[in-house]
Amino acid sequence: MGKIFQKPEALADVDTHYCPGCTHGIIHRLVAEVIDELDVRGRTVGIAPVGCAVLAYNYFTFDFQEAAHGRAPAMATGIKRVRPDLMVFTYQGDGDLASIGMSEIVHAANRGEKFTTIFVNNAVYGMTGGQMAPTTMPDQITTTSPAGRDTDEVGMPIKVSELLAALQTPAYIARQTVIRAKYIRKAKQAIKKAFTYQLEGKCFSLVEIVSTCPTNWGMTPIDSIKWAEDTLLPYYQLGEYKTPNGAG
Amino acid sequence: MTHEHLVNRDKCKGCGVCVEACPKNVLALSEDVNAKGYFPAKQARPDDCVFCAICATMCPDVAITIREIADQAPTENKGGK
Ligand SMILES: Cc1ncc(C[n+]2csc(CCOP(=O)(O)OP(=O)(O)O)c2C)c(N)n1
Ligand code: SF4
Ligand code: SF4
């Protein structure tokens with residue numbers, strides 16, 4: 001019945017700089033829980049992005065590297081190739097991964113680099129003040145699309161999981177979310193699968209997590225959860241897009 | 001065994017996500033601010049808590065801890081604070 005709930009060891013006992021209600025904190029915790037459960041804290045290296053998670057290296061109790069904007073997959077490639085015994089993952093936002101870093105992630109996935117990517121899709125550039133991202137929804141208002149995203153001009157939002165799942169090499173591609181408790185267990189399962197496949201020496205794995213950015217969406221944390229559920233989830237469908245045994 | 005539900009007042013950012021997520025309507029935001037200037041969550045109706053940990057699962061700041069404690073003899077105040 002009653003469960004015990006406490007901070008995982010792999011998560012540092014510090015306050016984060018994230019805004020109230022920002023789901024980055026939940027995703028950090030899930031990653032840390034999985035690292036604890038797999039007992040790999042002593043041989044894990046995370047690669048922090050440029051974006052709101054730029055300071056992620058302060059929030060975990062294992063090694064971290066900071067990469068230039070969008071270049072975390074290149075850094076992960078280097079670390080994992082030199083030290084295949086390490087558990088290596090990148091933690092990247094949608095501006096970082098799907099905009100400036102799009103070619104890095106596509107080629108790392110296609111080469112079948114044996115690291116894992118945690119991809120936080122909050123449909124906006126958070127850190128820099130809420131500019132339109134490749135994942136911004138049609139008509140979504142951002143500081144660079146004040147009248148809403150005009151899809152005639154900039155195209156439809158990019159579905160990163162579907163795009164990468166079209167490649168032959170990646171082992172595991174899944175999209176989950178953490179906006180409600182009922183989704184969190186599946187999100188954690190996906191992260192655990194991805195890391196486990198990496199431990200088994202399987203090729204590239206990525207878990208996309210549909211997230212909120214209350215500050216830059218201009219909503220309360222509660223309203224942003226509702227908006228994500230009503231607007232993002234129908235477009236960014238949850239599920240496994242690629243598994244080592246075939247399509248998801 | 002019984003359980004104890006603790007909100008770390010000074011870690012909490014008053015986002016209200018736990019208040020909304022609690023299926024038993026146990027939590028509320030305080031009316032006084034914490035060291036960060038936020039209105040932290042508290043157990044307003046502790047006796048209704050079933051220690052399901054949904055609030056803790058949703059808290060982005062890991063401000064909620066739930067732990068088992070040994071039964072006290074008279075089970076008054078079993079909701080914890
Ligand atoms: C080379 C370079 N170009 C641009 C920037 C400015 N910049 C910093 S963060 C960011 C986007 C971050 O958005 P996202 O990856 O979605 O992460 P979030 O902040 O939403 O978590 C940009 C464009 C930079 N730091 N370096
Ligand atoms: S700006 Fe958005 S993504 Fe960045 S910490 Fe705040 S809520 Fe999170
Ligand atoms: S979810 Fe966490 S940070 Fe938000 S109000 Fe509740 S205890 Fe505070």
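Note on naming: letters A, B, ... go to the chains in the order of the sequence lines (proteins, then strands), and numbering restarts at 1 for each one. Heavy atoms only: backbone and side chains are in, while hydrogens, waters and symmetry mates are out.
If you tally non-hydrogen atom pairs under 4.5 Å between each of G25(A), P8(A), P214(A), C19(A) and chain B, the highest count goes to G25(A). For the set Q6(A), R29(A), K182(A), the entry with the most heavy-atom pairs within less than 4.5 Å of chain B is R29(A).
Residues from residues 16-29 of chain B that place a non-hydrogen atom less than 4.5 Å from a non-hydrogen atom of chain A comprise G16(B), V17(B), E20(B), given in numerical order.
Not counting sequence neighbours, the partners of Y91(A) by the ring pair (Phe, Tyr, Trp, His ring centres under 6.0 Å) test are H24(A), H28(A).
K13(B) and T16(A) share a side-chain donor-acceptor pair at under 3.5 Å.
Atom OG1 of T57(B) sits about 8.0 Å away from atom CD of E33(A), to the nearest 0.5 Å. The CD1 atom of I64(B) sits 16.0 Å away from atom NZ of K7(A), with the distance rounded to the nearest 0.5 Å. Separating the SG atom in C12(B) from the CG atom in D15(A) is a distance of 10.5 Å, to the nearest 0.5 Å. To the nearest 0.5 Å, atoms CE (M58(B)) and CD1 (I179(A)) are separated by 8.0 Å. Atom CZ of F5(A) and atom NE2 of H5(B) lie 10.0 Å apart (nearest 0.5 Å).
For the pair I66(B) and I4(A), the minimum side-chain heavy-atom distance is 4.5 Å or more. No side-chain heavy atom of P60(B) sits less than 4.5 Å from a side-chain heavy atom of Y18(A).
Looking at C55(B), there are no atoms closer than 4.5 Å to chain A (heavy atoms on both sides), in backbone or side chain. Residue contact with chain B, scored on non-hydrogen atoms closer than 4.5 Å, is absent for R185(A). Heavy-atom distances place no part of I27(A) under 4.5 Å from chain B, backbone and side chain included.
The two residues V14(A) and K11(B) make their nearest non-hydrogen contact at O-NZ, 3.1 Å. In this structure, P20(A) and C15(B) approach most closely via the heavy-atom pair C-CB, 3.7 Å.
Heavy atoms of other residues, nucleotides or ligands lying less than 6.0 angstrom from NZ of K186(A) number 12 at most.
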